[in-house]
A.B. asks: 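Right, I'll just put the structure down here and ask away after.
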Amino acid sequence: MELADKIIELRKKQGYSQEELANQLGVSRQSVSKWEAGQSTPELERLIEMADLFHVSLDELIRGRTAVATNELDPMTLRHTIRQAMGYEYKSKLHIGKIPLVHINFGYGYRVAKGIFAFGNIAVGAFAIGGLSCGGIALGGLGLGLFVLAGLAAGFAVFGGIALGIFALGGFALGIYSFGGVALGAQLAVGGFAKGYVAVGAEAQGTHVLKVMENTTPSQIYEFIRQWNSQLPSWLIHFLSMLN
């Protein structure tokens with residue numbers, strides 16, 4: 001049986017339409033239509049996902065017959081077996097547009113999770129957690145997004161060992177408004193070493209500098225910042241007032 005015919009057979013057996021199968025695999029309906037018409041062939045990653053989805057081996061999916069037990073495994077089947085043993089993947093059936101609400105994809109090798117809520121080796125989503133994460137809210141070893149918590153973080157409001165952003169808080173912080181062990185801020189820098197237009201720290205460099213001593217109080221720091229940087233955004237004023 002040809003691969004195209006096998007995909008049609010297994011799709012119908014599972015009760016999926018072409019659109020539903022496309023959503024499960026993260027591809028367009030046109031791609032599924034071309035596979036089933038024999039006009040194109042799915043890439044290896046999609047074949048593996050379909051084998052998992054249809055609960056068949058790669059051998060049965062590709063060759064159209066159930067694999068016969070032998071003492072040797074072909075490379076593709078072996079790779080599939082290893083991936084299954086060393087990883088976990090889940091996609092919710094609920095989609096928003098073509099994006100699953102939840103996609104979890106952890107395990108050995110290059111594994112990407114894409115969803116509204118994404119959790120994986122590499123995670124992309126509105127809320128993303130992963131070794132490499134990218135999203136509106138991102139947590140991970142390396143994070144990119146609007147609000148980021150990561151070892152290396154870059155975005156709007158970021159927290160990390162190294163933080164690069166509009167509002168940066170970290171061991172090393174670089175941004176417009178920076179707070180950290182070493183803080184470099186275009187408008188405001190607060191830290192052990194601080195350098196910026198307004199700089200507050202044990203060691204500070206800038207146009208307006210407050211050197212923090214043992215008897216310096218939070219109120220003094222707050223008033224100093226307000227005195228020399230009256231154009232601070234309201235959200236940052238609120239943040240500083242909570243520390244005061």
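Everything numeric in this text was worked out from a predicted model, so none of it was measured. All residue numbers refer to positions in the sequence shown, counting from 1.
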A.B. asks: When you compare the side chain of P42 with that of M50, does any pair of heavy atoms fall below 4.5 Å?
C.D. replies: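 Of all side-chain heavy-atom pairs linking P42 with M50, at least one is under 4.5 Å.
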A.B. asks: Supply the atom-to-atom distance I99 CD1 to I96 CD1, rounded to the nearest 0.5 angstrom.
C.D. replies: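 Reported to 0.5 Å precision, the distance equals 8.0 Å.
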A.B. asks: If every non-hydrogen atom of L21 is compared with every non-hydrogen atom of I7, which pair is closest and at what distance?
C.D. replies: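 Here L21 and I7 meet closest at CD2-CG2, 4.4 Å.
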A.B. asks: Go through the steps to decide whether N121 and L132 satisfy the test side chain to side chain contact (heavy atoms under 4.5 Å, CB included), and finish with yes or no.
C.D. replies: CA-CA 7 Å; N121 293 8; L132 170 61; over 6 Å; no
A.B. asks: Could you give all pairs that pass the salt bridge (Lys or Arg N to Asp or Glu O under 4.0 Å) test and reach residues 130-151, with sequence neighbours left out?
C.D. replies: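 Sorted result for residues 130-151: empty, none.
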A.B. asks: Mind checking whether L146 and L139 sit in one hydrophobic cluster, side chains of I, L, V, M, F, W, Y counted as touching below 4.5 Å?
C.D. replies: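 Linked, L146 and L139 end up in one cluster.
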A.B. asks: Under 4.5 Å between side-chain heavy atoms, counting indirect links through other Ile/Leu/Val/Met/Phe/Trp/Tyr residues: same cluster for I122 and L142 or not?
C.D. replies: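 I122 clusters together with L142.
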A.B. asks: Under a single-linkage definition using a 4.5 Å side-chain heavy-atom cutoff for Ile, Leu, Val, Met, Phe, Trp and Tyr, are L101 and I129 assigned to the same hydrophobic cluster?
C.D. replies: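 Looking at the clustering, I129 is in the same group as L101.
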A.B. asks: Run the side chain to side chain donor-acceptor pair (under 3.5 Å) test against S28 and tell me which residues pass, sequence neighbours left out.
C.D. replies: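 Partners of S28 under the side chain to side chain donor-acceptor pair (under 3.5 Å) test: S31.
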A.B. asks: Can you list the other members of the hydrophobic cluster that holds V148, where links are side-chain heavy atoms under 4.5 angstrom apart?
C.D. replies: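 ILVMFWY cluster around V148 also holds V158.
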A.B. asks: For the residue pair A128 and S133, what are the closest heavy atoms and their distance?
C.D. replies: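 It is O-CB, 3.8 Å.
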A.B. asks: Say you draw a straight line from CD of E49 to CG of L44; how long is it, rounded to the nearest 0.5 Å?
C.D. replies: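 Atom-to-atom, E49:CD and L44:CG are 10.0 Å apart.
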A.B. asks: Heavy-atom distance under 4.5 Å between the side chains of L47 and L58, does that happen here?
C.D. replies: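 Touching, per the 4.5 Å side-chain cut-off.
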A.B. asks: What residues form a ring pair (Phe, Tyr, Trp, His ring centres under 6.0 Å) with F156, not counting sequence neighbours?
C.D. replies: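 Partners of F156 by the ring pair (Phe, Tyr, Trp, His ring centres under 6.0 Å) criterion, ordered by chain and then number, come out as W235.
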A.B. asks: Using the rule that two of Ile, Leu, Val, Met, Phe, Trp, Tyr join whenever any of their side-chain heavy atoms come within less than 4.5 Å, decide whether L144 and I116 are in one cluster.
C.D. replies: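 Not linked; separate clusters.
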A.B. asks: Take a 6.0 Å sphere around NZ of K114 and say whether it holds more than 12 heavy atoms from other residues, nucleotides or ligands.
C.D. replies: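 12 or below, so no.
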A.B. asks: Can you give each donor-acceptor pair under 3.5 Å made by side-chain atoms of residues 187-200, sequence neighbours left out, with the distance rounded to 0.1 Å?
C.D. replies:
from	atom 1	to	atom 2	distance (Å)
Y197	OH	H208	NE2	3.4

A.B. asks: Minimum heavy-atom separation for A204 to V209, with atom names?
C.D. replies: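 Of all heavy-atom pairs spanning A204 and V209, the closest is CB-CG1, 3.4 Å.
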A.B. asks: Measure across T217 and Q220 and return the closest heavy-atom pair with its distance rounded to 0.1 Å.
C.D. replies: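 Reported closest heavy-atom pair: N-OE1, 2.9 Å.
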A.B. asks: Are the side chains of N23 and Y16 in contact, using a 4.5 Å heavy-atom criterion?
C.D. replies: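 Side chain of Y16 against side chain of N23, heavy atoms only: no contact under 4.5 Å found.
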A.B. asks: Answer whether the closest heavy-atom distance between the side chains of Q18 and W35 falls below 4.5 Å.
C.D. replies: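 The answer is no; the side chains never approach within 4.5 Å.
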A.B. asks: Which pairs pass salt bridge (Lys or Arg N to Asp or Glu O under 4.0 Å) with one or both residues in residues 19-44, sequence neighbours excluded?
C.D. replies: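 Only R11-E36, E43-R46 qualify under salt bridge (Lys or Arg N to Asp or Glu O under 4.0 Å).
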A.B. asks: Taking side chain to side chain contact (heavy atoms under 4.5 Å, CB included) as the definition, give me every residue that meets it alongside T41, ordered by chain and number, with sequence neighbours left out.
C.D. replies: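 Side chain to side chain contact (heavy atoms under 4.5 Å, CB included) check on T41 returns L3.
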A.B. asks: Between N105 and R111, which heavy-atom pair has the shortest distance, and what is it?
C.D. replies: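 The pair with the smallest heavy-atom distance is OD1-NE, 2.8 Å.
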A.B. asks: Please collect all salt bridge (Lys or Arg N to Asp or Glu O under 4.0 Å) contacts where either partner lies in residues 199-218, sequence neighbours excluded, each pair once.
C.D. replies: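 Sorted result for residues 199-218: empty, none.
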A.B. asks: Considering only heavy atoms from C-beta outward, does the side chain of I221 approach that of L210 to under 4.5 Å?
C.D. replies: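 A side-chain contact under 4.5 Å exists here.
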A.B. asks: May I have all residue pairs that pass ring-ring contact (aromatic ring centres under 6.0 Å, His included) and include part of residues 113-140, sequence neighbours excluded?
C.D. replies: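 ring-ring contact (aromatic ring centres under 6.0 Å, His included) check on residues 113-140 returns no pairs.
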A.B. asks: Does the pair H103 and E89 meet the rule for a side-chain hydrogen bond (donor to acceptor under 3.5 Å, both in side chains), with working shown?
C.D. replies: CA-CA 7 Å; H103 188 188; E89 182 172 15; 2.7 Å; yes
A.B. asks: Pairs under 3.5 angstrom only: tabulate donor-acceptor contacts from the side chains of residues 162-182 to other protein residues two or more places apart or in another chain.
C.D. replies:
from	atom 1	to	atom 2	distance (Å)
S178	OG	G175	N	2.9
S178	OG	L184	O	2.8

A.B. asks: Report the residues that fulfil side chain to side chain contact (heavy atoms under 4.5 Å, CB included) with L10, sequence neighbours left out, ordered by chain and then residue number.
C.D. replies: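 K6, F54, V56, L61.
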A.B. asks: For A113 versus A118, what's the shortest heavy-atom pair and its separation?
C.D. replies: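 Minimum heavy-atom separation between A113 and A118: O-CB, 3.6 Å.
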A.B. asks: Quick check on the hydrophobic clustering: are M213 and I225 connected, directly or via other members, by side-chain heavy-atom contacts under 4.5 Å?
C.D. replies: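 M213 and I225: separate clusters.
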A.B. asks: Using only heavy-atom distances, determine whether the side chains of Q24 and H95 contain a donor-acceptor pair under 3.5 Å.
C.D. replies: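 Short answer, no.
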